[in-house]
Undergrad: 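Sharing a structure here in structure tokens format.
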Amino acid sequence: MIENKFASENIEKLKESGEKITDIFILLGGMNKTVIVSSIQIIEQKLKILGYSKSFISKTKLISIELLDNILKHQSETPEETPYFELSINRNFIKFTTGNCINNETHSELEQKLEKYLSYTQEEIKTEYLNKLKNGSLDNLGNAGLGILTVLKRAKKNYEYNFRKISDAQFYFNNSIIINDLNQISL
Amino acid sequence: MEKFHIYHTDKTPEVMVDFISNHITIKGVSSPENSIVFFEPIIAAITKLIKSNKPIIFNFDLEYFNSSSSKKILDILLLLKDSTNPNEHLIIWHYEEDDFELLESGEIYQEITKLAFNYKAIKP
């Protein structure tokens, strides 16, 4: 039995969806930088075996590092549910699904950002990314606030999210991203 | 000091600042625990090299980097841009052949800084 009910629900949804998932990578629970970097190495090797293009593998790594860094950043906020990261592969696309606890303040800020950014065109997202890269600064933990824009730049419109209130002080933030590789080499 | 050198780890790149040849190299993966802490001594060494007013060759050979690293990389490039001789510096951006994601990352830095970039495709 998976203790994290959101991860458990997501896996049930996968089973019920009828999608032909050929490969799946799941990380459940707390993580550190070594876990993150090792996970990206595993994902890279798996995608090489499956014949994905170099660009697509790079795109996957760049999205993965931001999603995993986001989990790492928030996992110490006295979580009531463990974080998770899932990468599922079918013949047509790769889907990232992540979940982690956030506090109320982070929820408000993030919800506003996502509503704003998801109303942008791709060109506007790129402009916003460049603007933040040029004019933003790192906070005292070394965070640039560029993570979500880095993901959206690559996900285009294939991004979904929701927040579920799990206590007076916490929400659970779920998001999913789909990307595909038009240049996949068939093995 | 002739050289400033940091060995690579699984999360951080190798960094070499050579004060004799005026070459800088950043190579590997960049996903440090805290980008401010990791890049601070690197920025100090590069600032010192820039004060020599000599042309610098800067090799970037990164497999991937997180977004907080991308901000520090830009900060470093802007040091060169703001030097007394920005047109004399050369950035060599290495990328694996067909990795257009990494190529594009370099192009974004060139667009912002207007420094001279040479893109070097490496065969896998």
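Side chains are part of it too, since the values below use all heavy atoms of this structure and drop only hydrogens, waters and symmetry mates. Within every chain, numbering begins at 1; the chains are lettered A, B, ... in the order of the sequence lines, protein sequences first and strands thereafter.
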Undergrad: Crowded around B:Lys54 NZ? As in, over 12 foreign heavy atoms under 6.0 Å?
TA: no

Undergrad: Say you draw a straight line from CD1 of B:Ile73 to CG of A:Leu133; how long is it, rounded to the nearest 0.5 Å?
TA: 9.5 Å

Undergrad: Could you check whether atom NZ of A:Lys33 has more than 12 heavy atoms from other residues, nucleotides or ligands sitting under 6.0 Å from it?
TA: yes

Undergrad: Flag yes if A:Leu87 and A:Ile179 sit in one hydrophobic cluster, no otherwise; membership is Ile, Leu, Val, Met, Phe, Trp, Tyr, and two members link when side-chain heavy atoms are under 4.5 Å apart.
TA: yes

Undergrad: Checking A:Ser55 side chain against B:Phe100 main chain: does a donor-acceptor pair fall under 3.5 Å?
TA: yes

Undergrad: Taking all heavy atoms of B:Glu101 and all of A:Lys59, pick out the closest pair and write down the distance.
TA: OE2-CE, 3.2 Å

Undergrad: Starting from B:Tyr64, can I reach B:Leu103 by hopping between I/L/V/M/F/W/Y residues whose side chains sit under 4.5 Å apart?
TA: yes

Undergrad: With a sphere of 6.0 Å drawn around CD of B:Glu40, does it hold more than 12 non-hydrogen atoms of other residues, nucleotides or ligands?
TA: no

Undergrad: Is it the case that over 12 heavy atoms from other parts of the model lie below 6.0 angstrom from the CD atom of A:Glu123?
TA: no

Undergrad: Just wondering, are more than 12 heavy atoms of other shown residues or ligands nearer than 6.0 Å to NE2 in B:His5?
TA: yes

Undergrad: What heavy-atom pair brings A:Gly147 and B:Ser67 nearest, and what distance separates the two atoms?
TA: N-OG, 3.7 Å

Undergrad: Roughly how far apart are B:Ser68 OG and A:Glu66 CD, rounded to 0.5 Å?
TA: 7.5 Å

Undergrad: What part of A:Leu62 gets closer than 4.5 Å to chain B, counting heavy atoms only: side chain, backbone, both or neither?
TA: side chain

Undergrad: Provide the closest heavy-atom pair for B:Phe65 versus A:Ile65 in the form atom of the first, atom of the second, distance.
TA: O-CG2, 4.4 Å

Undergrad: Nearest 0.5 angstrom please: B:Glu33 CD to A:Asp69 CG, how far?
TA: 9.5 Å

Undergrad: Of all the heavy-atom pairs spanning B:Ser105 and A:Arg154, show the shortest one and how long it is.
TA: OG-NH2, 4.5 Å

Undergrad: So how far is it from A:Ile57 CD1 to B:Leu102 CG, rounded to the nearest 0.5 Å?
TA: 13.0 Å

Undergrad: A:Ile178 and A:Leu47: same hydrophobic cluster, using ILVMFWY side-chain contacts below 4.5 Å?
TA: no

Undergrad: Can you tell me if A:Glu115 has over 12 outside heavy atoms packed within less than 6.0 Å of its CD?
TA: yes

Undergrad: Within a radius of less than 6.0 Å around CD of B:Glu107, do more than 12 heavy atoms belonging to other residues, nucleotides or ligands occur?
TA: yes

Undergrad: Quick one: which residues of residues 110-124 of chain B reach chain A at under 4.5 angstrom, heavy atoms only?
TA: B:Glu111, B:Ile112

Undergrad: Which pair of heavy atoms, one from B:Asp10 and one from A:Val37, lies closest together, and at what distance?
TA: O-CG1, 3.1 Å

Undergrad: The test is side-chain contact (heavy atoms from CB on, under 4.5 Å); show your working for B:Asp98 and A:Ser53 and say whether it passes.
TA: CA-CA 8 Å; B:Asp98 299 332; A:Ser53 68; over 6 Å; no

Undergrad: Quick check: do B:Ser70 and A:Tyr129 have side-chain heavy atoms less than 4.5 Å from each other?
TA: yes

Undergrad: Checking A:Ile40 against chain B: side chain, backbone, both or neither under 4.5 Å from a heavy atom?
TA: side chain

Undergrad: What part of A:Ser38 gets within 4.5 angstrom of chain B, counting heavy atoms only: side chain, backbone, both, or neither?
TA: neither

Undergrad: Hey, quick one: are B:Ile91 and B:Ile57 part of the same hydrophobic cluster, counting side-chain heavy atoms closer than 4.5 Å, chains of contacts allowed?
TA: no

Undergrad: Identify the heavy atoms of B:Asp99 and A:Lys54 that sit nearest to each other, and give their distance.
TA: CB-CG, 3.6 Å

Undergrad: Same cluster or not: are B:Tyr95 and B:Leu90 linked, directly or through other Ile, Leu, Val, Met, Phe, Trp or Tyr residues, by side-chain heavy atoms under 4.5 angstrom apart?
TA: no

